[in-house]
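Beneath this line is the structure, given in structure tokens, with notes to follow.
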There are 2 protein chains.
Amino acid sequence: METAVSEWQRHAQDALAHAGYRSSGPRNAVVEALAELGCSVTAKEIADLLDEQGRAVGLASVYRALDLLDRLRLVQRFDVGEGTARYEPAHPGGEHHHHLVCQSCGNVSAFEDQGLERAIEKLSRRVDYSIDAHDVTLRGECPACHARG
Amino acid sequence: METAVSEWQRHAQDALAHAGYRSSGPRNAVVEALAELGCSVTAKEIADLLDEQGRAVGLASVYRALDLLDRLRLVQRFDVGEGTARYEPAHPGGEHHHHLVCQSCGNVSAFEDQGLERAIEKLSRRVDYSIDAHDVTLRGECPACHARG
DNA sequence: GTGAATGCAAACTCTTTGCATGACT
DNA sequence: AGTCATGCAAAGAGTTTGCATTCAC
């Protein structure tokens, strides 16, 4: 749904303004790039996209923007074990997904699963930590690599 | 159980020998350190332990050993999002646990949950990837930090 | 003796920080 | 005007790699 992305973009920009942050070209560009690229992107991918679009933003500023968005919980930061942080828009409703990582080609895709969420919720009540987030990564071979042998 | 660790140590050393790798002091020391430290250690923690024990191993060799052990699936490499890889002995039976990370103090602890494993197993059959591993990280506040406010 | 494993240092990648410059309110 | 945000370049952290040396088989 095209709407969801721009919805997130508006939401994020509102939240930034509300929190007292100034509206600036570079930061807005990062928000836009996130909305455009969607799920599972790296800081460099964002910088590269903006570069191609002729509105380059310094990598440091991309990191600063992502860090801020993460602190405001407007993006979800995660990491599938390549030593590079990945980011994606965090939807206010709390609905979220998890990731499948292809061990051959490195491709990352997303899935949702209610059974999993329920199991995690139940489990969260059982452990002695007070849980407020979780993430799950499944590793294997994507259909393309599997076909290829 | 004390036995399980040395069992893993023996298993790992056997597996290395079987795979045609030479037995060497430094690599054996890394295996021992892993057995001793157990769950969720970093390369540096291993190097530091060996250092204290007066049998220092170069950090590069620790990484090389860990990399090899990981390829032979004798250790599990994971990452809780601090930008540092963590390792732990992988038990041959396949039994494994997941991690709780304290967002205040960074402490990492382990848990097991059958309900979660079942949910993941069911889910694995549903997705189009062929899954062969998974990991789950729960984030929150550990009891100590929670008490502290 | 031969080739693998090691140690050290240099290289690399990703990320963060210091500081002067420029932009929003 | 007064900050906050940016860009650049330098600094940092973690990890990998090149190469000469040492050690296992």
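In this text the structure is predicted, and so the values were computed from the model without any measurement. To find a chain, count down the sequence lines: A is the first, B the second, and so on, and within it residues start at 1.
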Heavy-atom nearest nucleotide on DNA chain C for Ala65(B) versus Arg22(B): which residue maps closer to 5'?
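Nearer the 5' end of the strand: Arg22(B).
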
Within the 3.5 Å criterion, strictly below it, is a donor on [X] or [Y] matched to an acceptor on the partner's side chain?
X: Gln53(A); Y: Glu36(A); value: yes
X: Glu121(B); Y: His134(B); value: no
X: His91(B); Y: Gln76(B); value: no

Can you figure out which of [options] approaches the side chain of [X] most closely?
X: Ala60(A); options: dT17(C), dG7(C), dA5(C); result: dT17(C)
X: Ser24(B); options: dT6(C), dC14(C), dT15(D); result: dT6(C)
X: Ser23(A); options: dT25(C), dC25(D), dG14(D); result: dT25(C)

Can you tell me the distance, in whole Å, between the [atom1] atom of [X] and the [atom2] atom of [N]?
X: Arg55(B); N: dT6(C); atom1: CZ; atom2: C1'; value: 16 Å
X: Tyr63(B); N: dA10(C); atom1: OH; atom2: P; value: 18 Å
X: Asp51(B); N: dG7(C); atom1: CG; atom2: P; value: 11 Å

Show me, pair by pair, the donor-acceptor contacts under 3.5 angstrom made by side chains of residues 99-108 of chain A, not counting sequence neighbours?
unit_1    : atom_1 : unit_2    : atom_2 : d
His99(A)  : NE2    : Glu88(A)  : OE1    : 3.0
His99(A)  : NE2    : Glu88(A)  : OE2    : 3.4
Ser104(A) : OG     : Glu141(A) : OE2    : 3.4

Check DNA chain C against residues 66-78 of chain A and give the residues with a non-hydrogen atom under 4.0 Å, in numerical order.
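Those residues are Arg77(A).
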
Under a 4.0 Å threshold between the charged nitrogen and the carboxylate oxygen, would Asp67(A) count as salt-bridged to Arg71(A)?
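The answer is yes: the pair qualifies as a salt bridge.
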
Base of dT6(C), side chain of Arg64(B) - is there a donor-acceptor contact under 3.5 Å?
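For Arg64(B), whose side chain was compared with the base of dT6(C), there is no donor-acceptor pair (under 3.5 Å).
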
More than 12 non-hydrogen atoms from neighbouring residues, nucleotides or ligands closer than 6.0 Å to CD on Glu95(A), yes or no?
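Above 12, so yes.
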
Atom CZ of residue position Arg73(A) - does it have more than 12 heavy atoms of other residues, nucleotides or ligands inside 6.0 Å?
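No - once you tally the heavy atoms of other residues, nucleotides and ligands closer than 6.0 Å, there are 12 at most.
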
Axis bend over the full length of the helix from dG1(C)-dC25(D) to dT25(C)-dA1(D), computed from five pairs that close each end, to 10 degrees
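Overall, the helix from dG1(C)-dC25(D) to dT25(C)-dA1(D) bends by 30° from one end axis to the other.
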
Let me confirm one number: the CZ-CG distance from Phe111(A) to Leu138(A), rounded to the nearest 0.5 Å.
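Separation between the atoms: 4.5 Å.
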
